[in-house]
Amino acid sequence: MVELPDKRAKFIDWYLEVVDRADLSDKRYGVKGMNVWTTYGMRARRNLDAVMVRAIEATGSEAVEFPALIPETDFAKEKEHIKGFDAQVYWVTKGGLSDLDVRLVLRPTSETAMYPTFALWVRSHKDLPLNVYQIVNTFRYETKTTRPFVRVREIHFFEEHTCQVDEAAATARVRSNLAAFRAMAEAFALPYVPIRRPEWDKFAGAHYSVAFDIPVGGARTLQIGSVHHYRQNFSVPYAIRYEAADGSQEYVHQTTFGLSERLLGAIVAVHGDAKGAVFPSAIAPFEVVIVPIPSADAPGAAERTASELADRLRAGGRRVHVDLSEDRPGAKYYRWELKGVPLRLELGKREAEARSASAVDRLGRRTRVSFDRLEAEVAERLVEFDRALTEKATAEFRASFSVARTLEELAGSERVRVVAWCGQEACGHRIETAIDGALLGTPEEELPLELPTIGACVGCGTSEGARWALAAQPL
RNA sequence: GGGACUGUGGGGUAGCUUGGUCCAUCCUUCGGGGUUCGGGACUCCGAGACGCCAGUUCAAAUCUGGCCAGUCCCA
């Protein structure tokens with residue numbers, strides 16, 4: 001087998017190779033940006049979805065599903081939103097042989113699909129809050145180079161849409177979403193920063209947007225999710241009104257929360273190494289792989305023991321794979337390391353005699369797990385693996401930022417830059433030009449970094465009102 | 001939107017300048033056999049490709065035109 005490209009020097013090549021060789025996605029489908037989910041990739045996706053569902057449902061959100069096609073008339077109601085998505089929607093203009101009277105948009109996101117119905121559902125303040133989510137595919141006509149998971153035209157999309165009684169309740173919902181994402185990110189072992197996007201870069205139609213960004217090498221970042229406060233920007237055009245306790249008619253305040261399979265890409269990008277993918281146990285298609293090591297004097301014994309142990313672990317809900325293929329043990333080690341399995345159990349004659357399996361986690365740490373306490377010890381190893389993975393990712397995360405004091409320092413950045421910014425759009429654009437990227441915005445939570453005392457805005461030199469902001473080159 | 005480049009088995013490639021050596025090279029993958037098996041085994045047999053459509057020519061992977069697809073750069 002040929003070595004993977006160097007992750008640091010040729011990140012994109014490395015990423016594409018890992019996704020391909022680990023068999024996470026098949027990109028040979030005949031439409032650009034629409035890839036096939038493989039069996040292995042689907043396992044990861046389902047685990048990802050399970051984490052999202054658990055976290056969002058814990059906050060009182062419920063699943064719904066709206067249709068994929070949106071009538072042009074509904075799509076066109078909110079002006080800013082249309083402006084933002086016009087250039088990237090797919091249209092359905094024919095039904096069979098006849099042209100449609102009302103053309104249909106293939107949802108790029110579901111505001112305009114849901115909100116006419118929300119207007120029917122919400123009548124009274126007693127109907128609020130309305131917190132619903134769906135996990136569906138959405139379509140965007142992406143013109144740039146597409147990449148598996150991170151930039152696709154058919155998006156596996158998680159979207160929560162809510163209606164709240166007033167702005168304060170909507171703000172509280174945004175905070176609740178931020179907390180829900182914090183819980184999800186823990187399962188992904190992904191450190192990130194929630195960032196309030198600048199005015200010119202917020203979601204089309206939003207009052208404000210908070211996005212989650214992660215550093216992915218050099219000055220590059222990847223947005224892995226976002227939460228938006230819409231205020232009444234959609235509820236007015238879509239007439240989502242309720243009768244308040246005092247008898248008055250009020251428009252709801254709305255929020256949304258969006259995530260996608262991009263998270264899978266982020267997990268590969270952040271945790272992966274020279275050997276391939278590395279999955280945190282919550283997402284791993286298999287948490288444990290068992291490699292039996294045959295021996296000539298006891299044919300079939302290792303395989304039998306492997307299957308027995310696997311059955312015990314599966315009975316406890318573990319996702320386990322026993323590699324019974326004809327390859328030699330060494331080849332299997334390489335394969336499952338490439339595919340990112342957190343824990344490997346090796347089982348041969350020695351292990352049978354000692355009644356304990358050799359265990360090697362994906363960070364290369366070798367221990368033993370006794371047959372008698374198998375379930376408990378495997379659980380311990382996985383918890384420890386996740387802890388160490390998070391620690392490693394956090395250390396790399398912290399090392400990905402550096403403060404830039406002047407615009408000049410932004411040129412040719414090798415890090416995500418932290419700069420003082422006065423909040424003026426003109427200064428923001430100066431920063432973007434200097435780094436040849438984007439001003440991501442201002443952190444919504446305190447950065448987990450040791451920062452010096454803030455100085456003057458790097459754009460205009462004004463000290464007044466300067467806040468830390470992040471500048472990077474979004475992937 | 002403008003420009004440059006590239007399309008060869010499942011993946012990656014050689015061949016293209018100078019048409020014939022090519023029923024197309026090598027690696028990998030895949031199917032089958034044998035010997036193996038504690039970190040990517042060896043060996044034998046077999047399968048599998050010139051993006052599409054025209055044109056030039058005795059002869060096209062190679063030259064010409066159109067189309068399609070993709071990649072990169074610029075706006």
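Just so we're on the same page: letters track the sequence lines, and every chain starts at 1. When reading the values below, keep in mind they use all heavy atoms of this one structure, side chains included, and skip hydrogens, waters and symmetry mates.
Here B:rG70 presents its C1' atom at 16 Å from CE of A:Met34, a figure rounded to the nearest Å. In this structure, A:Asp23 atom CG and B:rG10 atom P are separated by 17 Å, rounded to whole Å. To the nearest angstrom, P of B:rG38 lies 13 Å from OH of A:Tyr334. Between the CG atom of A:Leu16 and the P atom of B:rG70 there is a distance of 15 Å, rounded to whole Å. As a whole-Å value, the separation of A:Arg344 CZ from B:rG40 P is 12 Å. Note: CG (A:Asp26) to P (B:rG10) measures 12 Å, nearest angstrom. Following rounding to the nearest Å, A:Tyr29 (OH) and B:rA69 (C1') show an atom-to-atom distance of 15 Å. Summarising the geometry, the separation between NZ on A:Lys339 and C1' on B:rG40 is reported as 15 Å, rounded to the nearest angstrom.
Between A:Val418 and A:Leu470 the shortest heavy-atom distance is CG2-CD2, 3.5 Å.
Nucleotides B:rC52 and B:rA47 are separated by 22 Å at their P atoms, to the nearest Å. For the C1' atoms, the distance from B:rU21 to B:rA60 is 15 Å, rounded to whole Å. A distance of about 15 Å separates the C1' atoms of B:rG12 and B:rC50, rounded to the whole Å. The separation of B:rC27 from B:rC74, taken at their C1' atoms, amounts to 37 Å, rounded to a whole angstrom. Rounded to the nearest Å, the gap between the C1' atom of B:rU62 and that of B:rU25 is 15 Å. Separation of the C1' atoms belonging to B:rC23 and B:rG40 is 35 Å when rounded to the nearest angstrom. Here, B:rU64 and B:rU28 have their P atoms 35 Å apart, quoted to the whole Å. Comparing the C1' positions of B:rU8 and B:rU13 gives an interatomic distance of 9 Å, to the nearest angstrom.
Interface remark: the A:Glu3 side chain does not form any donor-acceptor pair with the B:rG40 base, using a distance-only criterion of under 3.5 Å. You won't find any donor-acceptor pair under 3.5 Å spanning the side chain of A:Arg28 and the base of B:rG11, going by distance alone. Judged by distance alone with a 3.5 Å cut-off, a donor-acceptor contact links the side chain of A:Glu351 to the base of B:rG38.
Here the options are A:Arg220, A:Arg262, A:Arg147, A:Gln223, the test is side-chain contact (heavy atoms from CB on, under 4.5 Å), and the partner is A:Leu475; only A:Arg220 passes.
Base-pair partner of B:rG46: B:rC30 (Watson-Crick or G-U wobble, both distances under 3.5 Å). Searching all strands for a Watson-Crick or G-U wobble partner of B:rU18 with both distances below 3.5 Å returns nothing. With both pairing distances under 3.5 Å, B:rU13 is matched to nothing as a Watson-Crick or G-U wobble pair. Base pairing analysis places B:rC52 opposite B:rG66; the two distances defining the Watson-Crick or G-U wobble pair are each below 3.5 Å. With a cut-off of 3.5 Å on both Watson-Crick or G-U wobble distances, the partner of B:rA60 is given as none. Pairing of B:rG1, defined by two Watson-Crick or G-U wobble distances under 3.5 Å, is identified with B:rC74. Shown here, B:rC37 forms no base pair; nothing in the strands shown gives a Watson-Crick or G-U wobble contact with both key distances under 3.5 Å.
Ring geometry, A:His321 versus A:Trp336: the interplanar angle falls from 30° to 60°, so the pair is classed tilted.
Contact annotation: A:Arg328 side-chain N/O to B:rG38 OP1/OP2 distance is under 4.0 Å.
Using a 4.0 Å heavy-atom distance criterion, A:Lys332 is classed as making no nucleic acid contact. Among the heavy atoms of the strands, none lies under 4.0 Å from A:Glu17. A:Glu326 comes within 4.0 angstrom of no nucleic acid atom, judged by non-hydrogen atoms across all strands.
Ring-to-base geometry does not place A:Tyr333 in a stacked arrangement with B:rG39 (centre distance under 5.5 Å, plane angle under 30° required).
Donor-acceptor pairing under 3.5 Å is recorded for the side chains of A:Ser356 and A:Arg368. A donor-acceptor contact closer than 3.5 angstrom links the side chains of A:Glu111 and A:Tyr230.
Nearer to the 5' terminus of RNA chain B, by closest-nucleotide assignment, is the contact made by A:Val360 (compared with the other of A:Lys144 and A:Val360).
Taking the ring axis of A:Phe157 as reference, the NZ or CZ atom of A:Arg140 stays within 45° of it and closer than 6.0 Å to the ring centre.
Heavy atoms from other residues, nucleotides or ligands lying under 6.0 Å from CZ of A:Arg151 number more than 12.
The side chain of A:Lys32 lies closest to B:rG70 when the candidates are B:rG70, B:rG39, B:rA41.
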